[in-house]
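The next block holds one structure in the form of structure tokens; read it before the comments.
Note that ligands are numbered from 1 as they come in the structure, with each ligand's atoms numbered from 1 the same way. All heavy atoms count here, side chains included; hydrogens, waters and symmetry mates do not.
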Amino acid sequence: MKDGALDVVEFLLTTRVYDDERSLDENDLPPRYRKVFWTGGDDEDEPGGIERPLSVTNNTARSATGIERPWDAVSDLMFTERDEFTGSISLSESEMAEEWFLDRADDARIRSNPTLAYYFEGADGIDVEYESAREANRPIQADRVWIDSLLEEYFDDEEEEEMLDLVDIRAPEEIEMTLDDLVLTEDQEAEINKIVKAIEHREYLAKIGLREIGKLLFVGPPGTGKTSSARALAHNLDLPFVEVKLSMITSQYLGETAKNVEKVFEVAKRLSPCILFMDEFDFVAKTRSSDEHAAIKRAVNTLLKSIDDISLIQDDVLLIGATNHPDQLDAAAWRRFDEIVNFPKPDLGMRADILRVITRAMDIDEFDPEGIADLTEGLTGSDLRMVLREAVLDALTEERTTLTQQDLEDAVADFEERDTLKNMDMIEGDHDALVAGGDIGGSSDGGSGHDHSHDH
Ligand SMILES: Nc1ncnc2c1ncn2[C@@H]1O[C@H](COP(=O)(O)OP(=O)(O)OP(=O)(O)O)[C@@H](O)[C@H]1O
Ligand SMILES: [Mg+2]
């Protein structure tokens with residue numbers, strides 16, 4: 001069998017079954033296939049879709065399977081043919097193709113393809129269930145193409161630019177962070193498990209009338225994993241991630257802001273199930289108390305009202321707010337969240353665990369995470385990442401890709417020095433003076449800053 005033949009035959013069989021079985025829809029196609037066949041909607045009410053028949057050519061087969069020369073891979077099989085004129089590739093002998101495929105494909109392959117699971121369910125010697133294959137398949141809402149066509153539908157070119165300042169939408173496939181990459185407290189894990197269960201059983205919750213669920217507020221100092229946890233949740237649950245940057249509300253064309261806030265919520269509802277993440281939530285409270293522009297106040301009021309109107313149970317939207325300044329939130333803001341999740345600075349054990357996670361792919365001689373954890377009281381996960389980055393870069397200046405425990409200890413010392421400067425920055429609030437002084441760059445979240453002391 002030629003390399004890739006099995007993949008191409010699977011693709012051919014899938015398209016044929018999909019064309020024949022009209023009850024199947026886009027959620028029955030593996031994401032890598034439907035991406036190829038997705039067409040953006042031409043008119044207003046059509047958010048795009050997949051049209052039958054699915055046409056298989058060298059091009060579509062290449063994108064769907066990743067095989068460089070799909071026709072070459074299957075051309076010597078007895079049951080394939082290619083139309084020289086249109087370039088379309090198809091199965092000339094379906095039954096023979098099925099037999100050939102079943103002889104070679106394992107159950108796992110069929111299980112990851114709901115269309116084929118539908119077709120082969122109950123066949124001799126094959127242990128696959130259509131329903132569970134479909135459930136395990138990523139829903140179309142999580143695909144980038146779907147998100148793009150939805151945005152196109154809601155925002156025309158000009159509006160889109162403004163709106164995209166306010167919101168950032170990621171498909172789960174674009175999120176690299178996973179829950180395995182995060183070290184969480186027991187309390188955080190319990191909260192996350194609760195929410196996973198609530199999402200799983202939302203129909204039940206609706207039935208028993210429990211609707212005030214699914215609005216979380218993440219509270220804690222910078223760099224403690226709030227944003228990362230929200231993103232990881234989106235990745236692990238395969239949900240699109242809609243991030244609203246609240247401070248951007250002020251930089252919008254003022255008159256349009258409230259309208260755009262409304263649209264963001266509409267988009268979230270259309271994308272559902274999804275996660276709607278609102279960073280810098282304290283911004284809401286600030287604008288309510290101060291004498292802000294009326295248009296900004298209107299936008300914030302729209303925001304609060306939209307939060308009230310959206311629900312995990314009814315709309316399948318999980319709302320997560322995050323703030324570094326819980327003390328600035330007023331009662332009206334607090335009241336809107338049903339669970340508060342605390343993100344404290346990591347304790348000794350957590351720091352050691354975080355160090356283990358972020359060094360997973362690194363080579364370190366005599367690595368003693370507890371030893372470094374001991375030296376880094378008060379540092380956050382984000383700080384520890386920065387320490388490791390410094391250690392790696394310093395070793396590279398000596399052409400080393402294997403680190404030593406000493407490298408890490410030196411990097412911690414450097415970090416403390418930098419941290420002192422950063423704290424000055426915060427107290428004085430006088431950034432210019434410090435920049436002129438010469439040697440800090442980057443925020444706690446890691447810009448490209450590099451101390452002078454490293455440069456000689
Ligand atoms: N508990 C943790 N486990 C593993 N990595 C962590 C942890 N906390 C923070 N990090 C790492 O630190 C970096 C910054 O974290 P993140 O952006 O999530 O912090 P944040 O709480 O959202 O901060 P901010 O309040 O400044 O927005 C990320 O790369 C993340 O991986
Ligand atoms: Mg954050």
Side-chain angles (χ1 to χ4, degrees), residues 166-168 170 174-193 216-236 241-248 275-286 319-329 337 340-362 369-370 372-373 376-393 408 411-412 415 418-419 422-423 425-426 442-449:
L166 195 65
V167 64
D168 183 27
R170 282 159 210 248
E174 298 168 311
I175 299 174
E176 280 174 11
M177 184 61 68
T178 75
L179 287 174
D180 284 343
D181 299 324
L182 288 168
V183 176
L184 300 173
T185 65
E186 263 175 42
D187 183 39
Q188 290 164 349
E189 263 173 22
E191 289 294 346
I192 286 179
N193 282 337
L216 309 180
L217 183 63
F218 289 0
V219 172
T224 48
K226 298 181 295 297
T227 303
S228 308
S229 299
R231 287 195 181 147
L233 206 53
H235 177 102
N236 285 45
F241 189 72
V242 181
E243 177 169 356
V244 185
K245 295 178 249 174
L246 288 185
S247 57
M248 283 298 180
I275 293 181
L276 179 56
F277 181 66
M278 304 202 162
D279 219 343
E280 314 163 45
F281 204 82
D282 37 288
F283 176 84
V284 169
K286 249 182 279 172
L319 182 89
I320 303 179
T323 177
N324 298 329
H325 306 285
D327 50 315
Q328 292 176 9
L329 288 185
F337 296 96
I340 310 292
V341 186
N342 186 22
F343 282 73
K345 288 190 171 181
D347 63 16
L348 188 84
M350 277 179 79
R351 289 199 298 279
D353 285 344
I354 293 173
L355 286 163
R356 276 189 205 96
V357 169
I358 57 189
T359 56
R360 266 197 300 235
M362 301 179 190
E370 270 76 17
I372 302 299
T376 49
E377 167 141 32
L379 268 56
T380 62
S382 161
D383 296 335
L384 292 174
R385 277 195 102 89
M386 198 146 71
V387 166
L388 257 297
R389 193 192 56 202
E390 285 302 309
V392 168
L393 292 179
L408 302 195
V412 171
F415 181 88
R418 175 203 291 242
D419 203 42
K422 190 188 85 200
N423 287 339
D425 188 6
M426 271 167 47
S443 63
S444 68
D445 208 33
S448 55

I'd like to know if [X] contacts ligand 1, where contact means a heavy-atom distance under 4.0 Å to any ligand atom.
X: Gly223; value: yes
X: Asp181; value: yes
X: Leu182; value: yes

Just which atoms of ligand 1 are under 4.0 Å from any heavy atom in [X]?
X: Met177; result: 31 (O)
X: Val183; result: 1 (N), 2 (C), 3 (N), 4 (C)
X: Asn324; result: 25 (O)

Subject >> Shortest non-hydrogen contact between Pro369 and Arg356, atoms and distance >> reply: CG-NE, 3.8 Å
Subject >> Ionic contact status for Glu377 with Arg351, cut-off 4.0 Å >> reply: no
Subject >> Arg385/Asp383 ion pair, N-O < 4.0 Å >> reply: no
**OP:** With heavy atoms under 4.0 Å as the rule, classify the contact between Ile354 and ligand 1 as side chain, backbone, both or neither.
**Re:** side chain
**OP:** For ligand 1, note which part of Thr224 has a heavy atom under 4.0 Å away: side chain, backbone, both or neither.
**Re:** both
Original post:
Please walk me through it: do Glu176 and Arg231 pass salt bridge (charged side-chain N to carboxylate O under 4.0 Å, His left out)?
Top reply: CA-CA 9 Å; Glu176 280 174 11; Arg231 287 195 181 147; over 6 Å; no
Original post:
Hey, looking at atom 15 (O) of ligand 1, which of Gly381, Ser228, Pro346 has the closest heavy atom?
Top reply: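 Among Gly381, Ser228, Pro346, the closest heavy atom to atom 15 (O) of ligand 1 belongs to Ser228.
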Original post:
Closer than 2.8 Å to the Mg ion (ligand 2), do we get an N, O or S atom from Ser228, backbone or side chain?
Top reply: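 It does not: Ser228 brings no N, O or S atom closer than 2.8 Å to the Mg ion (ligand 2).
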Subject >> Residue pair Asp279, Lys226: steps toward the salt bridge (charged side-chain N to carboxylate O under 4.0 Å, His left out) verdict >> reply: CA-CA 9 Å; Asp279 219 343; Lys226 298 181 295 297; over 6 Å; no
Original post:
Using the ring of each side chain (for Trp, its six-membered ring), is Phe337 parallel, tilted or perpendicular to Phe281, with breaks at 30° and 60°?
Top reply: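 Aromatic pair Phe337/Phe281 classed perpendicular.
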